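Structure record follows, encoded as structure tokens.
Fair warning: this is a prediction, and the values are worked out from it, not measured in the lab. In what follows, every chain begins at residue 1, and chains take the letters A, B, ... in the order their sequences are listed. These numbers come from the heavy atoms of this one structure, side chains and all, not from hydrogens, waters or symmetry mates.
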Amino acid sequence: MLVVNKIRAEKEAIIEGLKIKNFNNIDILDEIIVLDDKRKEFQKKLDDVLSESKSIAKEIGMLFKTGKVEEANQKKIRTTELKELSKSFGEVLANTAKELTDKLLQVPNVPHPSVPAGNSDEDNEVLKNVGEIPELAADALPHWELTDKYDIIDFKLGNKITGAGFPLYKGKGARLQRALINFFLDEAEKAGFREVQPPLMVNEESGYGTGQLPDKEGQMYHVGEDNLYLIPTAEVPITNIYRNEIVKSADFPIRNTAYSQCFRREAGSYGADVRGLNRLHQFDKVEIVVIEHPEKSYERLEEMSTYVQGLLVKLELPYRLLRLCGGDLSFTAALTYDMEVYSAAQKRWLEVSSVSNFVDYQANRLKLRYKDENGKTQLAHTLNGSALALPRIVAALLENNQTPEGIKIPKALIPYTGFEIIN
RNA sequence: GGAGAGGUGGGAGAGUGGCUUAAUCCACCAGUUUGCUAAACUGACGUACGGGCAACUGUACCGGGGGUUCGAAUCCCCCCCUCUCCGCCA
């Protein structure tokens, strides 16, 4: 969430930024400032009352000790009054603070100046096109037919065991998954990321920390018995490592990577979007997360974008790089680059990575801070990205590399798969 | 899951109702001394939200949440976690 003092200091700039994000409930900013004033007012009132009761309590203690019981009992009268006051001030304070947080949670992050205006994915800015789009034969198959043909991914069996969106990978299909995971992790490690293996379920606090809760609750699978959530991305557990922490600025940038399976309910999705591997309830992903000094975060974002693009080049997949427009940018992001690979048989672009800078928006919620040169605590910046999400990479690999002899594995992956062709 | 013992600052650890402003030790940081290092000594050393131009200062926080009391780290209730033993188990 936004920092209230920033709303006070940079209100006009924030309003301009929010317009780019198509957020027009500008009045809420003034309501936030009014609530914050009220919060401070009652904080002061409460503190004063508590201060008085504390000193009276001490006096009473002394009086009892010196045997002046009558005088002590006299003093107690005032403390009952103070008790009532502190109760009512405390209630107002708690309610005001809650109202303030509720409002703050309704305001999205302010986009970076480079973010173009726009309403949907059609307005995203195409920054680059890299690689040749392959010309496939007329009888080229979409990946959901190739997986059947070569018996490598079984959607029907997954359906039998669990349900739609939970495919079963078999033989070379399973091996290809494992190869991609290892390839991505090895590359990330070479690029300076520390590998972690996080829990796949998180508690409520973690869900709030990274912003899945409260509004995106329906996106996650919930284990009611234990009140835990299956992670929709490794971003959740990795970022929550640093919840309520003050990190050393000498440690910046803090780079972590993790492979995890991701679980998403994807309620409301339908049609060609969800066919085959395009959208699953359970999928594999290697995630990269960076904690960085505010002055360096955009530099780091470029580095992460370059890194992810490098993976796509090594996999010999044609891709394009997008800068998301205000309307397509997620609630919490200030700037996001999407990488889309071209899936030649479906003849469409598939998003395989999203690399974002959240600046201090997520950190404010997480209470993730560092000490600056003057020893003052400041909010850190957080960034993350997929590097990469497997299913759509697999879809593109299968479709783009199909030949009459079989599906060719890109060179960089062969040491990991142990085979050169799926046939 | 059952029984018992615990949870105090970055770490160790004292503290069973008011002399606690959480002792003490270690670590970290700054300084003094010293060829260097080390040692010794001195000082500073939490987080959050307020007040004040500032020096300063108020309040809260001893696993979390409630309660008793004029007053709670300390007493009571609920929950979480850790350890030991038992049960179960890859």
Using the [atom1] atom as the reference point in each nucleotide, state the distance between [N] and [M] in Å, no decimals.
{"N": "rU21(B)", "M": "rA39(B)", "atom1": "P", "value": "35 Å"}
{"N": "rU24(B)", "M": "rC41(B)", "atom1": "P", "value": "15 Å"}
{"N": "rG63(B)", "M": "rU59(B)", "atom1": "C1'", "value": "22 Å"}
{"N": "rC80(B)", "M": "rA22(B)", "atom1": "C1'", "value": "24 Å"}
{"N": "rC88(B)", "M": "rC77(B)", "atom1": "C1'", "value": "31 Å"}
{"N": "rC83(B)", "M": "rC78(B)", "atom1": "P", "value": "23 Å"}
{"N": "rC25(B)", "M": "rG31(B)", "atom1": "C1'", "value": "22 Å"}
{"N": "rG10(B)", "M": "rA48(B)", "atom1": "P", "value": "12 Å"}

Partners of [X] by side chain to side chain contact (heavy atoms under 4.5 Å, CB included), sequence neighbours excluded?
{"X": "Glu195(A)", "value": "Leu185(A), Glu189(A), Thr257(A)"}
{"X": "Glu405(A)", "value": "Thr403(A), Ile421(A)"}
{"X": "Lys172(A)", "value": "Ile152(A), Phe419(A), Ile422(A), Asn423(A)"}
{"X": "Lys6(A)", "value": "Val3(A), Glu10(A), Asp360(A)"}

Once you round to the nearest 0.5 Å, how far does [atom1] of [X] lie from [atom2] of [Y]?
{"X": "Asp151(A)", "Y": "Asp148(A)", "atom1": "CG", "atom2": "CG", "answer": "8.0 Å"}
{"X": "Glu205(A)", "Y": "Asn240(A)", "atom1": "CD", "atom2": "CG", "answer": "8.5 Å"}
{"X": "Asn256(A)", "Y": "Asn384(A)", "atom1": "CG", "atom2": "CG", "answer": "11.5 Å"}

*Summarise protein proximity over nucleotides 57-75 of chain B in one line of letters, 5' to 3': B for base, S for sugar-phosphate only, - for none, counting protein heavy atoms closer than 4.0 Å.*
-BSS---------BS----
*List the protein contact pattern of nucleotides 26-31 of chain B with one symbol per nucleotide (5' to 3'): B for base contact, S for sugar-phosphate-only contact, - for none; contact means a heavy-atom distance under 4.0 Å.*
------
Under a 3.5 Å limit for both distances, which nucleotide forms a Watson-Crick or G-U wobble pair with [N], could you say?
{"N": "rG35(B)", "result": "none"}
{"N": "rG71(B)", "result": "none"}
{"N": "rG46(B)", "result": "rC61(B)"}
{"N": "rC53(B)", "result": "none"}
{"N": "rC28(B)", "result": "none"}
{"N": "rG17(B)", "result": "none"}
{"N": "rG4(B)", "result": "rC83(B)"}

_Carboxylate-amine/guanidinium contact Lys190(A) Asp186(A), below 4.0 Å_ = no
_Salt-bridge present (Glu99(A), Lys103(A); N to O < 4.0 Å)_ = no
Between the protein and nucleotides 87-90 of chain B, list every N/O to N/O distance that falls short of 3.5 Å.
none

*asked:* Output the rounded distance in Å from CG (Leu100(A)) to C1' (rG50(B)).
replied: 14 Å
_Residue pairs involving residues 49-58 of chain A (criterion side chain to side chain donor-acceptor pair (under 3.5 Å); sequence neighbours excluded)_ = Glu52(A)-Arg78(A)
*Quick one: does Thr147(A)'s side chain have a donor or acceptor within less than 3.5 Å of a partner on His143(A)'s backbone?*
yes
*ring-ring contact (aromatic ring centres under 6.0 Å, His included) contacts in which one or both residues fall within residues 152-176 of chain A, not counting sequence neighbours*: Phe166(A)-His281(A)
*asked:* Tell me which pairs pass ring-ring contact (aromatic ring centres under 6.0 Å, His included) where either residue lies in residues 11-35 of chain A, with sequence neighbours left out.
replied: none
_Set of residues satisfying side chain to side chain donor-acceptor pair (under 3.5 Å) with respect to Glu299(A), sequence neighbours excluded_ = none
Short heteroatom pairs, N/O only, protein and nucleotides 45-48 of chain B, under 3.5 Å:
residue : atom : partner   : partner atom : Å
rU47(B) : OP1  : Lys371(A) : NZ           : 2.0
rU47(B) : O3'  : Arg369(A) : NH1          : 3.1
rA48(B) : OP1  : Arg369(A) : NH1          : 3.0
rA48(B) : OP1  : Thr377(A) : OG1          : 3.0

*Just checking, is any N or O donor in the side chain of Glu91(A) or Asn95(A) under 3.5 Å from an acceptor N or O on the other one?*
no
